[in-house]
Amino acid sequence: MTQNQQEWSYAKKEMMDSLMALGYPRELGDEIAKNLGSPKAMWRMTSYLDKVKPERVEEVVDEMLAIRTEIESWRIKKENQEANARYNEMLNQRNEDQ
C-alpha cells in the first residue's frame, strides 16, 4: 500500500469511526468518503463531526456539500489564477517583441 493509500485509508477510518460513534450507518460514511474524495476533506469532516456532533443526517450531508463546494471554489480560483498568469506572460512577451 502506498503512502497516499494509507493516508486515504486512515482518514476514512477516522471519519467512519466518528460517524458511527454518533449512530450513523457505515453506508453513509462510505458515500460521504466517495463524495469528499480526499483525505484532507475527510479530516475536515471528521473535525466537524467531533466538534459539532450533528444530530440529524441532513446536517452531516449539508457539511459534506459545503466542504465539496469550498474545494471546488478553490480549484476554480487556482485554475483562473494560472490562466491569468499565462495570459499576462503572453502580453508581456508581446510587449517585449514590439
Side-chain angles (χ1 to χ4, degrees):
M1 187 180 291
T2 68
Q3 184 176 352
N4 189 39
Q5 290 170 325
Q6 288 175 340
E7 184 181 355
W8 205 95
S9 179
Y10 186 67
K12 181 179 177 184
K13 180 196 175 309
E14 292 294 311
M15 187 190 72
M16 296 289 277
D17 289 348
S18 292
L19 265 172
M20 290 170 45
L22 293 171
Y24 295 106
R26 175 171 288 282
E27 295 80 13
L28 177 63
D30 287 334
E31 287 302 314
I32 289 173
K34 277 190 248 176
N35 277 284
L36 291 176
S38 76
K40 186 175 181 179
M42 285 186 271
W43 287 121
R44 287 179 61 188
M45 178 58 86
T46 301
S47 178
Y48 166 78
L49 294 169
D50 292 344
K51 288 181 178 142
V52 175
K53 299 188 184 335
E55 296 179 3
R56 299 179 344 179
V57 70
E58 293 86 359
E59 294 173 41
V60 176
V61 173
D62 283 348
E63 183 64 17
M64 178 200 69
L65 294 172
I67 291 169
R68 283 189 52 176
T69 299
E70 284 180 27
I71 291 168
E72 182 63 17
S73 294
W74 180 85
R75 186 188 62 75
I76 290 169
K77 178 182 174 185
K78 289 298 176 186
E79 284 178 0
N80 289 339
Q81 286 174 340
E82 289 173 17
N84 191 37
R86 285 192 304 273
Y87 178 71
N88 286 336
E89 286 176 21
M90 183 184 73
L91 288 178
N92 288 336
Q93 184 64 39
R94 197 161 134 204
N95 287 337
E96 289 173 8
D97 291 343
Q98 290 179 357

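Atom set for the values below is all heavy atoms of this structure, side chains included, hydrogens, waters and symmetry mates excluded. In this text, all values refer to a predicted model and were calculated from it rather than measured experimentally.
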Applying a strict under-4.5 Å side-chain criterion to I, L, V, M, F, W and Y, I'd like to know whether Val57 and Leu19 cluster together.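 Yes, Val57 connects to Leu19 through the hydrophobic network.
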Are Met16 and Val52 co-members of a hydrophobic cluster defined by side-chain heavy atoms under 4.5 Å apart?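 Not linked; separate clusters.
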Going by heavy atoms in the side chains, are [X] and [Y] under 4.5 Å from each other?
{"X": "Met15", "Y": "Leu36", "value": "yes"}
{"X": "Arg44", "Y": "Glu70", "value": "yes"}
{"X": "Glu82", "Y": "Arg86", "value": "yes"}
{"X": "Val61", "Y": "Met64", "value": "yes"}
{"X": "Asn35", "Y": "Met45", "value": "no"}
{"X": "Met90", "Y": "Gln93", "value": "no"}

From [X] [atom1] over to [Y] [atom2], what is the distance, rounded to the nearest 0.5 angstrom?
{"X": "Ile32", "Y": "Leu49", "atom1": "CD1", "atom2": "CG", "value": "7.0 Å"}
{"X": "Ser18", "Y": "Lys51", "atom1": "OG", "atom2": "NZ", "value": "11.5 Å"}
{"X": "Glu79", "Y": "Arg75", "atom1": "CD", "atom2": "CZ", "value": "4.0 Å"}
{"X": "Trp43", "Y": "Ile67", "atom1": "CH2", "atom2": "CD1", "value": "13.0 Å"}
{"X": "Met42", "Y": "Ser47", "atom1": "CE", "atom2": "OG", "value": "14.5 Å"}
{"X": "Ser73", "Y": "Lys78", "atom1": "OG", "atom2": "NZ", "value": "13.0 Å"}

Take atom [atom1] in [X]; do more than 12 heavy atoms of anything else shown fall under 6.0 Å from it?
{"X": "Arg26", "atom1": "CZ", "value": "no"}
{"X": "Gln5", "atom1": "CD", "value": "yes"}
{"X": "Glu72", "atom1": "CD", "value": "yes"}

If only atom types and distance count, is the side chain of [X] paired as donor or acceptor with the main-chain N or O of [Y] below 3.5 Å?
{"X": "Lys53", "Y": "Asp50", "result": "yes"}
{"X": "Tyr24", "Y": "Arg56", "result": "yes"}
{"X": "Asn84", "Y": "Asn80", "result": "no"}

Kindly give the heavy-atom pair with the smallest separation between [X] and [Y], and that separation in Å.
{"X": "Tyr48", "Y": "Glu59", "answer": "OH-O, 3.5 Å"}
{"X": "Thr46", "Y": "Ala11", "answer": "OG1-O, 4.3 Å"}
{"X": "Lys12", "Y": "Asp30", "answer": "NZ-OD1, 3.2 Å"}
{"X": "Trp8", "Y": "Pro39", "answer": "CD1-CD, 3.5 Å"}

